[in-house]
There are 2 protein chains.
Amino acid sequence: MKYVTIIDIAKALNISKSSVSKAFNNRSDIKSDTRELILRTAKEMGYSPNPFAKRLMNQCSFQIGLVVPEFINAFFHEVMIGIQEVMFEKGYQILIMNSNESSEKELENVKTLTSNMVDGIILSMASQENVAYYSSLIDKGFPIVFFNRIPTKQINTSKVLFDDYKWAFFATEHLIYQSFKKIFHFAGPSSMAISKQRKLGFIDALKKHKISVDEKSIIETGLLISDGQREMEKLINSGNLPEAIFAVNDPAAIGAMKILKKHGYKIPEDVALVGFTESKLAELIDPPLTSVAQPTNEIGRTAAKLLLEQIESKGIFVPQTVILNGQLNVRESSIKLNEK
Amino acid sequence: MKYVTIIDIAKALNISKSSVSKAFNNRSDIKSDTRELILRTAKEMGYSPNPFAKRLMNQCSFQIGLVVPEFINAFFHEVMIGIQEVMFEKGYQILIMNSNESSEKELENVKTLTSNMVDGIILSMASQENVAYYSSLIDKGFPIVFFNRIPTKQINTSKVLFDDYKWAFFATEHLIYQSFKKIFHFAGPSSMAISKQRKLGFIDALKKHKISVDEKSIIETGLLISDGQREMEKLINSGNLPEAIFAVNDPAAIGAMKILKKHGYKIPEDVALVGFTESKLAELIDPPLTSVAQPTNEIGRTAAKLLLEQIESKGIFVPQTVILNGQLNVRESSIKLNEK
DNA sequence: ACCGGTTTCGAAACCGGTTTCGATAAAATA
DNA sequence: TATTTTATCGAAACCGGTTTCGAAACCGGT
């Protein structure tokens, strides 16, 4: 592939390359006749500017990085689409990297991105491991926006998050209003902030309604279907079945559901279920799973806009924290039936 | 963000920037002592090479484009991961674009990518619309690899594909071996090659086993859950229920399943179901759905390797067509029970 | 005809690297 | 010791753009 350059155009018209450049940048010191002539011949010759030369000059790559901890669930894909929508409109490209729940890989990804001179990074962290490093980047003026899995410590940049506590509280209250008494929680890894918040919401909802919180009612599960399956299997063997379970996320709830059904238990008659972070599966499985829906697309769009603000306001910007609202999609899996 | 350049290093050591460059490129005309000194101070100063300057020089971007027609199903995400695995190892970045089933958007995406000087493109087409343009690009020496939705006409480049005909044939035969007689097919859009192939496989399997192919038994559905739902609803209303349905893909099969269950039909007792293109949902729904699994990760890896071959063999390469093998995951949804 | 101001253009420097080539010094050879 | 060879380095050109600045051309007004 031979690309046409401004020098080719200049030679063809017997003018200087400065003039060609000016024609494309709408500079004032070029006659409109010649500008149009240049643009026309450029089009005829099939010219398109060399992006690397441009980036080398104006020290701005028009690329941003996106680092996510996993690609398994649809959540991050959907966020990504939101980011793309905003960024492509502004002419930015997105380099997507997966840290695969590893903070070392995450650090490596971020370093690859910065050495590729992206103009900013949108980041959802695998763990709190690298916060100090990210903080130093931010202090140097490098734009970073966090979402979903954000630093627990104070950090001087914009964040997009979901009120996990509040929606876990609502989800639990929903079960309470259905007049379930014995409610368990399948919690996520205690190291993750979102797990903590959701657990806290669960506990506080029970407290508010004067239901005693047994420590045995909170089981640390994990985030995968297999985690939900394993713990449900254990629970059935122990013979200590609850009336309802609020799970840290949909996969955990779905894993539990599969095992319950395998053992012949009915949902929601024998055990009611509520998930978190609406997945496609939630409304497709049988019975459809009640779940908290996060506005994934909006999370992406918001993160993108906040990053653009930081990039464009070279230096002086006010870090914002946007908390987005969710929705509890009530489905069959959690509805108390009149007759047992 | 102020980046350290080779000039900064040169100044710090009071040498020329040529020498610094040579040190990094392992050129022979530099003393090993000075090379090490340079590398050491470069590290101390936090130097990393400007990627745009590099790309401007060696006329190679180390970026490739990936254009897919949709982001809804996991299929393309999984292929993407396979591509990433191979490409990142070789130091390539991937620019991902979604044409959203629109050939205009697809053309726009490809043009954006080429004007960004990607070294090659991996492409799954929304339709056959732009084949002529892609052909001209390939003739100019621009590397393109097609996968999944490939040009039907002969095209002079590498392709990765799945034998849709063969596996549709197998899937249908599986239903026949279960001794279902009245078998319907939910076909995809007739404009798509994969739909055609799968339909042909269905028809030929019936023919082989001397089952007459009624034209009413093939229903053009669409690729979404809602399509499957709509057509199943119609079918139930018409009162002409088959014993088994082979669907063009999992969403169509799942849509059909939902409606059947809603109307109180049992699966597989009343109607058996088989999907295509294994999705996560297939084994999670109730009953688990029999489906043809495509080797998504391998599709991605193979496409990436073929593209690298084209890129590295500047000009003289032999276009390859790799047909990958699948697997029929037989699950409850299609198993004939002894007792009705 | 002369002057001040404006318009329009091109030469040259620059961005941060790579590469060629000539100069110098050190080592090897005659 | 004289000459050739080799090792090591730096100046300068180049990649394809942008930007600055000075020069030339043109304008109307006196």
Side-chain angles (χ1 to χ4, degrees), chain A residues 1-43 45-63 91 114-119 314, chain B residues 1-39 41-43 45-63 91 93 114-119 314:
Chain A
M1 284 285 279
K2 180 72 192 88
Y3 291 99
V4 180
T5 71
I6 52 169
I7 301 176
D8 297 328
I9 301 173
K11 276 184 191 158
L13 291 175
N14 205 25
I15 55 173
S16 77
K17 65 172 189 170
S18 331
S19 298
V20 181
S21 175
K22 284 170 187 170
F24 277 98
N25 294 1
N26 255 331
R27 305 293 297 239
S28 57
D29 61 342
I30 184 122
K31 211 181 351 178
S32 59
D33 291 1
T34 48
R35 176 176 45 240
E36 276 162 34
L37 176 65
I38 290 169
L39 295 182
R40 189 148 24 89
T41 42
K43 199 168 191 181
M45 295 174 69
Y47 166 78
S48 83
N50 185 314
F52 307 122
K54 276 196 137 121
R55 287 170 192 166
L56 181 57
M57 260 309 293
N58 53 19
Q59 306 288 38
C60 162
S61 71
F62 273 98
Q63 294 184 323
T114 52
S115 72
N116 270 290
M117 299 194 174
V118 293
D119 297 333
K314 314 253 170 198
Chain B
M1 283 283 280
K2 180 74 193 91
Y3 292 100
V4 180
T5 71
I6 52 169
I7 300 175
D8 298 327
I9 301 171
K11 275 183 192 155
L13 291 176
N14 204 25
I15 55 175
S16 76
K17 65 173 189 169
S18 333
S19 298
V20 180
S21 174
K22 285 170 186 169
F24 277 98
N25 293 2
N26 254 331
R27 306 293 294 239
S28 57
D29 59 343
I30 184 120
K31 213 183 348 180
S32 59
D33 291 1
T34 49
R35 176 176 45 240
E36 275 162 35
L37 176 65
I38 290 169
L39 295 182
T41 41
K43 198 168 191 177
M45 295 174 70
Y47 166 78
S48 81
N50 184 313
F52 306 122
K54 277 199 139 119
R55 287 168 192 167
L56 181 57
M57 260 310 291
N58 53 20
Q59 304 287 36
C60 163
S61 71
F62 273 98
Q63 294 184 323
Q93 290 169 354
T114 52
S115 72
N116 271 290
M117 300 195 173
V118 293
D119 297 334
K314 312 253 169 200

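Each chain gets a letter, A, B and so on, in the order its sequence line appears, and its residues count up from 1.
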Mind running side-chain contact (heavy atoms from CB on, under 4.5 Å) on Asn50(A) and Leu56(B) for me, showing each step along the way? CA-CA 8 Å; Asn50(A) 185 314; Leu56(B) 181 57; 4.0 Å; yes

Going by the side chain to side chain donor-acceptor pair (under 3.5 Å) test, which pairs reach into residues 20-37 of chain A, not counting sequence neighbours? Lys22(A)-Asp29(A)

For [X] and [Y], which heavy atoms make the closest approach, and how far apart are they?
X	Y	result
Phe62(B)	Asp119(B)	N-OD2, 2.7 Å
Ile6(A)	Tyr47(A)	CG2-OH, 3.4 Å
Ala42(A)	Phe24(A)	CB-CZ, 3.5 Å

First locate atom CZ of Phe52(A), then atom CD of Gln59(B), and finally report the distance between them rounded to the nearest 0.5 Å. 9.5 Å

Under 3.5 Å, sequence neighbours excluded: what are the donor-acceptor pairs made by side chains of residues 10-18 of chain A?
{"from": "Ser16(A)", "atom 1": "OG", "to": "Ser18(A)", "atom 2": "N", "distance (Å)": "3.4"}
{"from": "Ser16(A)", "atom 1": "OG", "to": "Ser19(A)", "atom 2": "N", "distance (Å)": "3.3"}
{"from": "Ser16(A)", "atom 1": "OG", "to": "Ser19(A)", "atom 2": "OG", "distance (Å)": "3.3"}

Within the 4.0 Å limit for protein heavy atoms, which parts of nucleotides 16-24 of chain C are touched? Write it as a string from 5' to 3', B for base, S for sugar-phosphate only, - for none. BBBBB----

Which residues satisfy the side-chain hydrogen bond (donor to acceptor under 3.5 Å, both in side chains) test with Thr114(A), sequence neighbours excluded? none

For Ile9(B) and Thr41(B), what are the C-alpha separation, side-chain angles and deciding distance, and is it a side-chain contact (heavy atoms from CB on, under 4.5 Å)? CA-CA 7 Å; Ile9(B) 301 171; Thr41(B) 41; 4.3 Å; yes

For DNA chain C, determine which residues of residues 8-16 of chain A have any heavy atom closer than 4.0 angstrom to one of its atoms, and list them numerically. Ile15(A), Ser16(A)

Under the side-chain contact (heavy atoms from CB on, under 4.5 Å) rule, collect the residues that match up with Asn116(A), sequence neighbours excluded. Thr112(A), Pro51(B), Arg55(B), Gln93(B)

Go through DNA chain D and write down every stem, that is, every run of at least three consecutive Watson-Crick or G-U wobble pairs with distances under 3.5 Å, as range with range.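 For DNA chain D the paired stretches long enough to count as stems (3 pairs minimum) are C:1-30 with D:1-30.
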
